[in-house]
**Q** 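Handing you a structure now.
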Amino acid sequence: MAQAVLVSGVLGEHFFLVIFKGVSLQRIPIIVVPQHLDVVGLDDGAVGVDANFAAIFRRKENGAVVPSNGRFTCKITGPDGDVPCAISVNPSEGNDVQYMPTAAGEHEVKLFYRDVSCYKTTVNAYDFDFDGLAGGDGKGNNAVVDCMSSFSMGVKGKGEGYCLPPDMRVLLVGPSGEIECDMSLNDNGTAKCSYTPTAVGEHTLRVVKGDVVMREIPVNVVYPRTLVEGAGVLGCAVGIAAPFTVTCLDGTGRPFSPPNGRVRVEVLDPNGVAMEVKEVKLENGVLQCEYTPQGEGQHTVRVHYGPDEVFSTRVTAVSFEFEGVGTKVAIVNAESTFTVRMRDSPGGDWVQTNGDLEANLEDESGLQTPCLVVEEGTTTTMSYIPNVAGAQEISVFYKGLEVKTMKVIAYSLIVTGDGLKRAYLGIPAVYEATFDDDVLKSEVRYLSSVFIFILLLQSYNTIVFTFSTN
């Protein structure tokens, strides 16, 4: 009678020995697969992203790791064929398998020990389409702090079209920790992802499924572009309120309202002392600011967003001196003038205005007429010609800021008499000037190539002029 005896050697070197009447007739090798196999880290993955897992053979009786000694192999098959695998052996931790899916869809994973199948499963690989990433300035993966950014994510898996696995999330990871993006489905199956970063700096958009990282996309979060505009940052005058506005823009260039306390405005006087700044937050997110210089010299305007300074400029506060009859009275259809001088330091010399002054004459009907401005050295002469009698108002502007308002009375003057038509040498010529006001107190200076006279008008409405020709 023949016998078959199992002879045990080391792992994988077992064989049956066939014995008949004490004589060994045949040796039949057999393959003994370890009694326990642990597969760790084999999860769904992403196309183009390295994936790895461990295959650990253990003894059943004590759980000790059994070295595979090169006898372990792996085969992964995806929608476009076999996927290359790299296997490395760690004597204490078993076999590490690394692969990279090349197509979206289901992948079959088979593990072999000496070509004998000992494990089989399937995993999915996902591919991603991103549109509008990261919703910031549209020119790259930039986002603006405190502004919502949005992008669309299309997930391709098994089958046609897009899908969104229920355990897939998108996280924004940065200096302030993790922020989970809000996700909603679009009509085409893609997901709309929205997030609002709360800190500036380098961030990562991390797509995860369960605990597996599918994609990591760098995003740079920057401060909003800040527009600071108005007379208060261009030019200011002593004792005159200097207004300006601060507008924060999101990545698309639209104004937005930062959280309270995010924007801080600071104005320093020439001595570096902080000044009072009045602030009013408008509905469209614009911050309206105003300060009043108390002396000449350079003032500093700074805007902070959070802890950092995002805008700084220096503004010189100036003072003015106005002189001339044209600041008080004028004659209809006759040119009136006054002069302006400017200084930019306490007790300093007069300085040139460099074309930064302009003025308007406005009559009682609201009609405005620009004044003629002529700058000579440090003296600027402004002239105007009223078209109607009555109260007039002259407004003087420095770099767009109104620095002086003057009330002027314009009078009509009627001049008659033979002296306006002819005159003879040595014989007095007489003409009559009648004003349309009963009480006129002013100084009139009239110059011509024929005569020169200075007349102080008192309480008369008709004055007789006598002059002699040369």
Side-chain angles (χ1 to χ4, degrees), residues 134-149 172-179 194-204 218-318 344 399-401:
D137 59 9
K139 300 177 182 178
N141 296 338
N142 287 339
V144 177
V145 67
D146 296 327
C147 293
M148 178 180 289
S149 293
L172 179 70
V173 183
S176 59
E178 288 185 355
I179 299 174
S194 302
Y195 64 95
T196 302
T198 57
V200 298
E202 296 295 332
H203 289 63
T204 300
V219 176
N220 185 34
V221 179
V222 299
Y223 283 118
R225 189 161 66 95
T226 305
L227 295 181
V228 184
E229 302 173 304
V233 293
L234 298 176
C236 55
V238 175
I240 305 296
F244 63 95
T245 59
V246 179
T247 307
C248 295
L249 305 179
D250 64 14
T252 63
R254 293 174 296 190
F256 76 97
S257 296
N260 290 334
R262 277 289 212 182
V263 177
R264 182 170 57 89
V265 178
E266 182 182 36
V267 179
L268 306 178
D269 68 12
N271 297 318
V273 178
M275 299 176 58
E276 179 185 3
V277 181
K278 298 179 181 179
E279 299 180 6
V280 177
K281 193 171 185 179
L282 306 181
E283 291 184 359
N284 59 356
V286 176
L287 186 64
Q288 193 171 28
C289 307
E290 182 182 282
Y291 67 97
T292 303
Q294 301 302 312
E296 299 93 339
Q298 282 195 341
H299 291 60
T300 302
V301 178
R302 294 174 180 166
V303 178
H304 300 263
Y305 197 101
D308 296 327
E309 182 181 291
V310 295
F311 176 86
S312 179
T313 189
R314 290 189 173 186
V315 186
T316 301
V318 297
D344 60 4
K399 293 185 177 180
L401 176 67

**Q** As an exercise, state the distance from OG of Ser257 to CG of Asp250, rounded to the nearest 0.5 Å.
**A** 11.0 Å

**Q** Using a 3.5 Å distance criterion without hydrogens, assess whether the side chain of Asn284 forms a donor-acceptor pair with backbone atoms of Val286.
**A**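 Yes; at least one donor-acceptor contact below 3.5 Å.
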
**Q** Taking all non-hydrogen atoms of both residues, which atom of Gly232 and which atom of Val301 are closest, and how far apart?
**A**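 Looking at all heavy atoms of both residues, the closest pair is O-CG2, 4.0 Å.
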
**Q** With rounding to the nearest 0.5 angstrom, report the CG to OH distance, Leu172 to Tyr195.
**A**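 With rounding to 0.5 Å, CG (Leu172) is 6.0 Å from OH (Tyr195).
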
**Q** Not counting sequence neighbours, which residues clear side chain to side chain contact (heavy atoms under 4.5 Å, CB included) with Leu287? List them please.
**A** Val246, Val263, Val265, Glu279, Lys281, Cys289

**Q** Atom OG1 of Thr247 and atom CD of Gln288: how far apart are they, to the nearest 0.5 Å?
**A** 10.0 Å

**Q** Applying side chain to side chain contact (heavy atoms under 4.5 Å, CB included), run through Phe244 and Tyr291 and close with a yes or a no.
**A** CA-CA 9 Å; Phe244 63 95; Tyr291 67 97; 3.7 Å; yes

**Q** Once rounded to the nearest 0.5 Å, what's the spacing between atom CG of Asn220 and atom NE2 of His203?
**A** 9.0 Å

**Q** Going by the rule side chain to side chain contact (heavy atoms under 4.5 Å, CB included), which residues pair with Thr300 if we only count those two or more places apart in sequence or in a different chain?
**A** Leu268, Arg302, Ser312, Arg314

**Q** Could you grab the distance from atom NE2 of His304 to atom OH of Tyr223, nearest 0.5 Å is fine?
**A** 11.0 Å

**Q** Who passes side-chain hydrogen bond (donor to acceptor under 3.5 Å, both in side chains) against Glu296, sequence neighbours left out?
**A** Ser319

**Q** How close do Pro224 and Val145 get, heavy atom to heavy atom, and via which atoms?
**A** CD-CG1, 3.7 Å

**Q** Please examine the side chains of Pro293 and Asp269, heavy atoms only from C-beta on, and report whether any two atoms are closer than 4.5 Å.
**A**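 No. Closest side-chain heavy atoms not under 4.5 Å.
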
**Q** Let's go through Val280 and Lys278 carefully: what are the C-alpha distance in whole Å and the side-chain angles of both, what is the deciding distance for side chain to side chain contact (heavy atoms under 4.5 Å, CB included) to 0.1 Å, and is it a yes or a no?
**A** CA-CA 7 Å; Val280 177; Lys278 298 179 181 179; over 6 Å; no

**Q** How close do Asp146 and Tyr305 get, counting heavy atoms only, and between which atoms?
**A**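 Smallest heavy-atom distance, with atoms named: OD2-OH, 2.6 Å.
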
**Q** May I ask you to test the Leu401-Leu234 pair for a side-chain heavy-atom distance under 4.5 Å?
**A**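 No; the side chains remain at least 4.5 Å from each other.
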
**Q** Where the side chain of Gln294 meets the backbone of Thr292, is there a donor-acceptor pair that is under 3.5 Å apart?
**A**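 Flag set: sc Gln294 to bb Thr292 pair under 3.5 Å.
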
**Q** Of all heavy-atom pairs between Cys248 and Thr226, which one has the smallest distance, and what is that distance?
**A**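 Result for this residue pair: SG-OG1, 4.3 Å.
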
**Q** Got Thr196 and Cys147 here, is their nearest side-chain heavy-atom distance under 4.5 Å?
**A**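 They are not in side-chain contact.
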
